[in-house]
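Nothing here was measured: the structure is a model prediction, and the numbers come from that model.
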Amino acid sequence: MAAAGALERSFMELSGAERERPRHFREFTVCSAGTANALAGTVKYSESAGGFYYVESGKLLSVTRNRFIHWKTSGDTLELVEESLDINLLNNAVRLKFQNCSLLPGGVHVSETQNHVIILILTNQTVHRLLLPHPSRMYRSELVVESQMQSIFTDVGKVDFRDPCNYQLIPAVPGLPPNSTASAAWLSSDGEALFALPSAAGGIFILKLPPYDIPGMVSVVELKQSSVMQRLLVGWMPTAIRGDPGSSDRPLSLAVHCVENDAFIFALCQDHKLRMWSYKDQMCLMVANILEYVPVKKDLQLTAGTGHKLRLAYSPAMGLYLGIYMHAPKRGQFCIFQLMSAENNHYSLDHISSLFTSQETLIDFALTSTDIWALWHDAENQTVVKYINFEHNVAGQWNPVFMQPLPEEEIIIRDDQDPREMYLQSLFTPGRFINAALCKALQIFCRGTERNLDLSWSELKKEVTLAVESELQGSVTEYEFSQEQFRNLQQEFWCKFYACCLQYQEALSHPLALHLNPHTNMVCLLKKGYLSFLMPSSLVDHLYLLPDENLLTEDETTISDDVDVARDVICLIKCLRLIGESVTMDMSVMMEMSCFNLQSPEKAAEQILEDLITIDVENVMEDICSKLQEIRNPIHAIGLLIREMDYETEVEMEKGFDPAQPLNVRMNLSQLYGSSTAGYIMCRGVHKIATTRFLICRDLLILQQLLMRLGDAVILGTGQLFQAQQDLLHRTAPLLLSYRLIKWGCQCLATDVPVDTLESNLQHLSVLELTDSSASVANKFVSSPQSIVELFFQEVARKHIISHLFSQPKAPLSQTGLNWPEMITAITKCLMGNCQYVQLQDYIHLLHPWCQVNVGSCRFMLGRCYLVTGEGQKALECFCQAASEVGKEEFLDRLIRSEDGEIVSNPRLQYYDKVLRLLDVVGLPELVIQLATSAVTEAGDDWKSQATLRTCIFKHHLDLGHNSQAYEALTQIPDSSRQLDCLRQLVVVLCERSQLQDLVEFPYVNLHNEVVGIIESRARAVDLMTHNYYELLYAFHIYRHNYRKAGTVMFEYGMRLGREVRTLRGLEKQGNCYLAAINCLRLIRPEYAWIVQPASGAVYDRPGASPKRNHDGECTAAPTNRQIDILDLEDLEKECSLARVRLALAQHEPSAVAVAGSSSAEEMVTLLVQAGLFDTAISLCQTFKLPLTPVFEGLAFKCIKLQFGGEAAQAEAWAWLAANQLSSVITTKESRYSPNIPPPRDGSPSSATDEAWRLLSTYLERYKVQNNLYHHCVINKLLSHGVPLPNWLINSYKKVDAAELLRLYLNYDLLEEAVDLVSEYVDAVLGKGHQYFGIEFPLSATAPMVWLPYSSIDQLLQVLGENSANSHNIALSQKILDKLEDYQQKVDKATRDLLYRRNL
């Protein structure tokens, strides 16, 4: 269709965004001042609307690009809204309420200056000037790069509406008609605000406000045809005195055109004449009788005009055009003139065209330099919009605009459908009912109940459901009724609410005005409740929707350069329309359900054709067949139609467009059509096109089935039947399904996404390394629904188009657009990035049966959806299906591409790796195992990949508690280092889970030493009391009958417990460890019952341990030849005994726990003595063959302390005295004295001191050694502390070694005691008390020889003699000498007797 670009096509109405996005108006009250008449404010005028476009709204670099203002007046209320198609404007809607005034229809006029936007407002009593900042002065930069910006109405609350400079009462002057609605307003070149109102006498009153920044007076000027009078606000003369003519020339419509320093005011009057006034000259420059251009004017000449309208259009190239609508009953006429000027201010009208219409009520029309756009209400109260080029039109044929129809009045509900769901679907499907209609119906339905109507779309849906259900329940009077009765009742109430909504929808759809922007070719229809846009139709849509009368007059050359082809296409379109008109609602639903249920549309079309033939009572099929006969080449015509509807067809870039734009232009265009309004309009347009083309494709399928049924070679041409069946039919069906999919996307709403879902999605994308996708984290669907097509346009398509337009300056547009495979991937990525999982599932399901493009990518995305919705097994199936397409699709290639952008050697394994990581993050170990098992076969001989996958299998089996499967996977890992890591993990995890039996019983083929090494390493590296690795290792060796290893383990465990665990529990475990080690050695033969003593903790080669250093900071060399100590069973028994002693000490003395654990036997003896456990200390000394000297010294010292201690010491002593096994020890204070123990010197009763001395005495008697070492050490200890020796001790020692006692006396200067001892000893030798000194035979001739310690005695005598001045010492010395003298004599006598006896 080569010449399609020159075709004047029809337009389609697209409902505006307010249908689901309610405006949030800020309300302000404008209070009247002065003498405003309250009664006049009750005058009601018809509602009106209008719009204003910025002068630079069509410039790419302007801040006002695609920006406009529209308004609506109703009674005393003015609603102003600023719209932008590029950015979302904040605070862009205000509602002004004028107190005691009514706004004139068309009484709002907007002008712009360099710095301000000025709104001039006329009510029936006042005029107002509203001064607002111009957008170009509101922002720091002229570049539009923000997605949200402030509107010019943001600070309207700061405006003083009662400022005299900007507000004025209209004076009640004579001649001002009270009910006139015509008005005009403009700004002069000096900044004055001028308001024009008609006078009853045919003139014009002009009220002038001075410039806002210059003080001045308000003045009124009356323009009259006879003369020009200028008066102030006082001194008016009545009209009757002036003798003015009647009111037949009163202006019905006013328009102003400003030229340099003047303003031309055009007035279309009741006498059907057009008058042109010059404000500067204050005179009428031209009067033209419009009836001269009306063919039938007899009736009009006799009546005053009532519905005439006047519009102006100025073109710098063509001048000023005037469009006049002449209203007559049941007919109307548009007259287009061009203003022609001559010298001396003489002007005339050049008639361009006259256009006739049959519609009755003209609501509004708009004029451009080429076209007329008109808005009517027809006889059925339906909105009609048409346009025509008034210079180049074919026989005055108007181009139609296909209006948005009202929702159907009745909803047909099948028996298998729920009434509530069907009504809610119809009410809340995008593009059907507006928010305001639903809210008003809700208010009425709830009978005035107070409800918050500032609701989001989903909240409003809930409120509607609640309201209808509440009404239904309130009407139920019976407790029980059948399901059918409930269904009927439910349908009744929902139908009632639906009818209420339909009523308000119809009222709010009432049209008010047209708004055209010639700079951007934007056409808007301003309605009572919302704003809609008009979109030009494509060629196919235009032909299919065009009324029959228009189709008959269609210019064939605009369809194709080949007239025959054009005629074929038109005939084909007629056939399709006949089919479309014959298809019933049930047939249409059949095709819809076939597409929805993923069934073949060809079969559905065949069934519909059968039904059409069956019910054909008007011979429609015959008409279609006859029209087919007129088509010269139906196959070519069908192919041409399909090609025109195929969205992959290349398009040429608009001529004159230069993509090589500078950076600031590209930055400014980043927000082009970026507003939510533009997105919504685009979505509605796409839905409109998809809906129309779905119908075309449906009818085309049916027609092709008819052609196949006919099979007439005359119709199809020779050999073309097979081509029609195989080619066209299979091209039409996917096209129908694709448009059905687009329709679904326009009506499927995106859902609000919780923050945690967004965060989870970002985490998944980061795992897949797809964080540069189109995810919109901040995307919110706050109070308005957003379809997925809208979402795709805003997030992806719009940005893609803009970026491609300017990224490839020399590339044609066909190469920069998204092709179908890219489109599918982009949509799926967009939905996935915005967490629209349910919608994405539906999209892929609808796409799958007929579209085989990027199947792998779709399956992958579907798998991700299943992951989110908790259907893991389905997700795994999708991921596996997508694996076969790896390396074939761009998205999957990007998924597996490495960081440097290179494709890996094995793409499918890389794909599996990404999916495994995703499944791992989601937390589905079962699926990870299944997918990794499948991937193992893909790895083949790649041992690295095999190791990775089997490690993955092991890890997740272990996480799931599948211990046996984890061990089996571990044994199959080909990489030894990975295998060792996994083995270490197995040991640690099973130990932490206390699943030790499995850990011990695994066979560990070829891994035995590694397991032992791992457990040993763990045992030596972790805390002994919280982990039981030693016990595990012990069980491991016992299970394998390796008792010596088991004994070694437990002995090392006991050693470390004593060294590292300084608690009572640790000492208990230490004893048990040594017992276990002894048991192990007793289970093997004696010759093998030995172990190697484990090294100390400092020698263990612990992983990660810091090296040991000397004082210079240098690392010390590890010992190379360490001595090995062998421990047999006896050594272990000793250690066990020592451990028991440690435990006993800790139990008796808790404070000793900290030092007892690692103490040696010698140290333990000392600790035991300190604690008073003398029996235990003696037993330990005997076990380790240690001397008892420390025991006796310690006990002696305790006796000394008790001897001189107080009551506290006495009380404490009973505890340790009781711990010693001495049967004769009486642990009460009433104990009787032992005959060997003298009573206390102070005469007090028996005490702990006495028992301590008795214990010492008992030990000295029990444990005798050579040289009487223990007596010596005890006496030495007592004497060293200055404690007098007890008699029992002296007597005891005298029996065993009196000489040593004498030496001890001498060592401690106990001279008197030494003298007494010598004296007694001499007496004992001589036979007096010899039994007390252990002398069996005293001195006699018949007894063995005796001796005296002469050296000690001599030493004593020497000491005594050294102080000759001491008489006491002299006496003591003399005593000894006397004793010795006596002894010598008796020795001499005995000697002689002995000699005598020998000589006998």
Side-chain angles (χ1 to χ4, degrees), residues 50 52-56 64 69 104 106-123 126-138 152 156 159-171 173 182-199 203-224 227-234 251 254-267 275-286 312 314 316 319-320 339 341 345 347:
F52 163 79
Y53 58 86
Y54 293 93
V55 174
E56 295 187 347
T64 57
I69 300 171
L104 295 180
V108 180
H109 307 269
V110 182
S111 302
E112 66 174 314
T113 64
Q114 189 173 3
N115 297 319
H116 295 95
V117 173
I118 301 171
I119 303 177
L120 304 178
I121 305 168
L122 294 97
T123 72
T126 58
V127 294
H128 302 264
R129 174 170 54 191
L130 185 59
L131 199 68
L132 299 172
H134 195 275
S136 62
R137 294 294 182 265
M138 290 180 63
I152 63 170
V156 73
V159 175
D160 183 6
F161 293 102
R162 300 183 62 178
D163 183 357
C165 295
N166 298 312
Y167 158 77
Q168 186 63 43
L169 284 170
I170 297 176
V173 296
S183 66
W186 71 97
L187 285 179
S188 70
S189 58
D190 297 329
E192 299 168 332
L194 298 128
F195 303 87
L197 295 168
S199 69
I204 300 174
F205 287 107
I206 298 177
L207 189 150
K208 181 179 69 174
L209 295 180
Y212 70 92
D213 54 350
I214 300 176
M217 293 292 294
V218 177
S219 62
V220 175
V221 173
E222 180 183 8
L223 304 182
K224 291 186 58 178
S227 62
V228 179
M229 299 177 62
Q230 181 175 358
R231 297 179 180 269
L232 297 177
L233 295 179
V234 293
L254 295 175
V256 178
H257 174 64
C258 296
V259 290
E260 294 184 1
N261 297 322
D262 197 0
F264 293 155
I265 305 170
F266 296 89
R275 294 175 173 84
M276 176 178 139
W277 302 82
S278 169
Y279 172 71
K280 178 181 178 183
D281 299 333
Q282 298 185 4
M283 60 183 297
C284 183
L285 302 180
M286 180 189 69
L312 304 181
Y314 177 74
L320 183 66
L339 183 65
S341 63
N345 281 344
Y347 292 88

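- To the nearest 0.5 Å, atoms CE (Met276) and CE (Met283) are separated by 10.0 Å.
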Inset, instruction - Let me see the working for Asn166 and Leu209 under side chain to side chain contact (heavy atoms under 4.5 Å, CB included), right down to the final yes or no. - result: CA-CA 7 Å; Asn166 298 312; Leu209 295 180; 5.6 Å; no

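- When all heavy atoms of Ala193 and Leu187 are compared, the pair lying nearest together is CA-CD2, 4.0 Å.
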Legend entry - Intermediate values then yes/no, side chain to side chain contact (heavy atoms under 4.5 Å, CB included), Val127 and Leu120: CA-CA 7 Å; Val127 294; Leu120 304 178; over 6 Å; no

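- In this structure the side chain of Ile214 never reaches within 4.5 angstrom of the side chain of Asp190, judged on heavy atoms.
- Of all non-hydrogen atoms in Cys284 and Trp277, the two that sit nearest each other are N-CE3, 3.6 Å.
- How far CZ of Arg129 is from CD of Glu192: 9.0 Å, rounded to the nearest 0.5 Å.
- Under the 30°/60° scheme for interplanar angles, the aromatic rings of Phe264 and Tyr347 are found to stand perpendicular.
- Distance check, rounded to the nearest 0.5 Å: CG of Leu339 to CG of Leu320 gives 5.5 Å.
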Legend entry - Step-by-step side chain to side chain contact (heavy atoms under 4.5 Å, CB included) determination, Ile170 to Phe205: CA-CA 10 Å; Ile170 297 176; Phe205 287 107; over 6 Å; no

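- Between Leu104 atom CG and Thr123 atom OG1 the span is 6.5 Å, to the nearest 0.5 Å.
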Inset, instruction - Take His134 and Thr113 through the side chain to side chain contact (heavy atoms under 4.5 Å, CB included) test and state the conclusion after the steps. - result: CA-CA 8 Å; His134 195 275; Thr113 64; over 6 Å; no

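- Nearest approach of Met217 to Pro210, heavy atoms of both residues: O-CD, 3.9 Å.
- Between the OG atom of Ser219 and the CD atom of Gln168 there is a distance of 10.0 Å, given to the nearest 0.5 Å.
- Under the salt bridge (charged side-chain N to carboxylate O under 4.0 Å, His left out) criterion, Glu56 pairs with Lys59, not counting sequence neighbours.
- The shortest distance between side-chain heavy atoms of Val110 and Val117 falls below 4.5 Å.
- Listed for the Arg137 side chain is no donor-acceptor partner under 3.5 Å among the backbone atoms of His116.
- Under the 4.5 Å side-chain criterion, counting only non-hydrogen atoms from C-beta, Glu112 is in contact with Val55.
- Under the 4.5 Å side-chain criterion, counting only non-hydrogen atoms from C-beta, Phe161 is not in contact with Ile121.
- Ring geometry, His128 versus Tyr167: the interplanar angle falls from 30° to 60°, so the pair is classed tilted.
- Between Pro251 and Ala182, the closest heavy-atom pair is O-CB, 4.1 Å.
- In this structure the side chain of His109 reaches within 4.5 angstrom of the side chain of Ser183, judged on heavy atoms.
- The closest side-chain heavy-atom distance from Thr126 to Phe195 is not below 4.5 Å.
- Of all heavy-atom pairs between Lys280 and Asn261, the closest is CD-O, 3.9 Å.
- Rounding to the nearest 0.5 angstrom, the gap separating the CG atom in Leu132 from the CD1 atom in Ile119 is 5.0 Å.
- Using a 4.5 Å heavy-atom cutoff, the side chains of Trp186 and Ile265 are in contact.
- The heavy-atom pair separating Leu122 from Ala196 by the smallest distance is CD2-O, 4.4 Å.
- When side chains are defined from C-beta on, Ile152 counts as touching Pro135, because their heavy atoms get closer than 4.5 Å.
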